[in-house]
Amino acid sequence: MQRVEILQLLVSPVHRFEGRPGAGAPPLPDADLVTAARVRAGLGIVGDRYFRHPAHRNASITLMAAERFPDGLASAADLRLTRRNVLLRGADIDAYVGATVSLDCGTGPVVLAVHSAARPCAWMDTTLGPGAQRALRARGGVRCRPLSDGILAVGPALFEVVEPAPARG
């Protein structure tokens with residue numbers, strides 16, 4: 001187990017980025033940033049736009065590592081701008097695609113199957129600045145399926161690899 005810090009949590013009831021990025025970003029409400037979020041196994045984060053959506057079951061929670069923001073973008077590490085749910089410090093979450101991990105904020109572990117990379121899109125250039133999409137390739141976070149119920153909260157947490165990713169042949 002390793003100690004990490006959850007810096008931000010985003011629970012957005014609606015999809016905020018629609019249309020073309022060139023038209024500019026819509027208002028991004030502070031209310032989407034929360035101090036705690038309830039996770040349900042197989043369903044996602046209660047109240048989030050992807051909660052209970054069958055098409056997003058393997059990607060209903062997204063995690064991103066603050067350390068992976070490239071120089072010049074680190075000050076923009078704001079989940080409202082990246083559309084990820086959990087911003088961590090202390091674990092290179094991008095390295096765990098295919099693994100099962102857990103985050104324990106003190107109320108018991110929330111177990112997550114890390115299914116795929118969360119690839120940055122063209123909106124990153126609008127919300128974070130020109131070149132952000134390219135700079136965040138292979139470091140844009142991961143998409144996960146929750147395997148247990150629990151609570152995630154801003155603050156210290158324990159990160160554990162429950163099951164490593166299968167070896168590539």
Side-chain angles (χ1 to χ4, degrees), residues 1-13 15-16 28-70 73-120 124 128 136-167:
M1 275 194 222
Q2 71 186 72
R3 294 190 183 281
V4 297
E5 183 178 4
I6 296 178
L7 302 173
Q8 285 185 333
L9 291 167
L10 179 95
V11 179
S12 181
H15 186 70
R16 303 254 181 239
L28 304 171
D30 291 337
D32 287 356
L33 293 175
V34 298
T35 58
R38 186 169 153 231
V39 175
R40 296 279 312 277
L43 300 175
I45 297 175
V46 175
D48 191 66
R49 65 200 177 278
Y50 294 128
F51 183 70
R52 277 193 195 170
H53 283 237
H56 293 280
R57 291 269 163 87
N58 288 334
S60 60
I61 298 178
T62 52
L63 284 74
M64 189 172 204
E67 297 90 344
R68 300 286 280 170
F69 273 83
L73 292 180
S75 64
D78 181 334
L79 293 178
R80 292 172 303 159
L81 304 177
T82 63
R83 299 183 296 165
R84 307 299 189 248
N85 297 113
V86 181
L87 182 63
L88 289 175
R89 177 179 287 137
D92 182 9
I93 195 65
D94 294 286
Y96 295 102
V97 172
T100 301
V101 302
S102 73
L103 280 170
D104 188 341
C105 300
T107 59
V110 174
V111 180
L112 304 165
V114 183
H115 277 279
S116 63
R119 291 180 172 60
M124 298 285 185
L128 296 172
L136 286 169
R137 282 188 189 147
R139 53 174 69 191
V142 294
R143 299 164 57 118
C144 304
R145 177 185 181 107
L147 301 178
S148 68
D149 292 352
I151 302 291
L152 294 175
V154 171
L158 293 175
F159 174 84
E160 181 178 15
V161 177
V162 176
E163 186 176 320

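Side chains are part of it too, since the values below use all heavy atoms of this structure and drop only hydrogens, waters and symmetry mates.
With rounding to the nearest 0.5 Å, the separation of CZ in Arg52 from CZ in Arg40 is 6.0 Å. Atoms CD1 and CG, from Ile6 and Leu87 in turn, are 9.5 Å apart once rounded to the nearest 0.5 Å. If you take CG on Asp94 and CE on Met64, they are separated by 7.5 Å, rounding to the nearest 0.5 Å. Taken from CZ in Arg38 to CG in Leu43, the straight-line distance is 10.0 Å, to the nearest 0.5 Å. In this structure, CG on Leu112 lies 10.5 Å from OG1 on Thr62, to the nearest 0.5 angstrom.
At least one side-chain heavy atom of Cys144 sits under 4.5 Å from a side-chain heavy atom of Leu63. Arg3 places a side-chain heavy atom less than 4.5 Å from the side chain of Leu158. For the pair Met1/Glu160, a side-chain contact is recorded, criterion being any heavy-atom separation below 4.5 Å from C-beta on. Within the 4.5 Å cutoff, side-chain heavy atoms of Pro146 are placed close to those of Ser60. Side-chain contact between Leu10 and Arg84 is absent, with no heavy-atom pair separated by less than 4.5 Å.
Between the side chain of Asn58 and the main chain of Arg145, no donor-acceptor pair closer than 3.5 Å is present. In this structure, the side chain of Thr100 does not engage the main chain of Val162 through any donor-acceptor pair within 3.5 Å. Checking side-chain atoms of Gln8 against main-chain N and O of Val154 turns up no donor-acceptor pair under 3.5 Å.
Under the salt bridge (charged side-chain N to carboxylate O under 4.0 Å, His left out) criterion, Glu5 pairs with Arg89, not counting sequence neighbours.
Exactly one residue among Ile61, Val86, Ile93 makes a side-chain contact (heavy atoms from CB on, under 4.5 Å) with Val142. That residue is Ile93.
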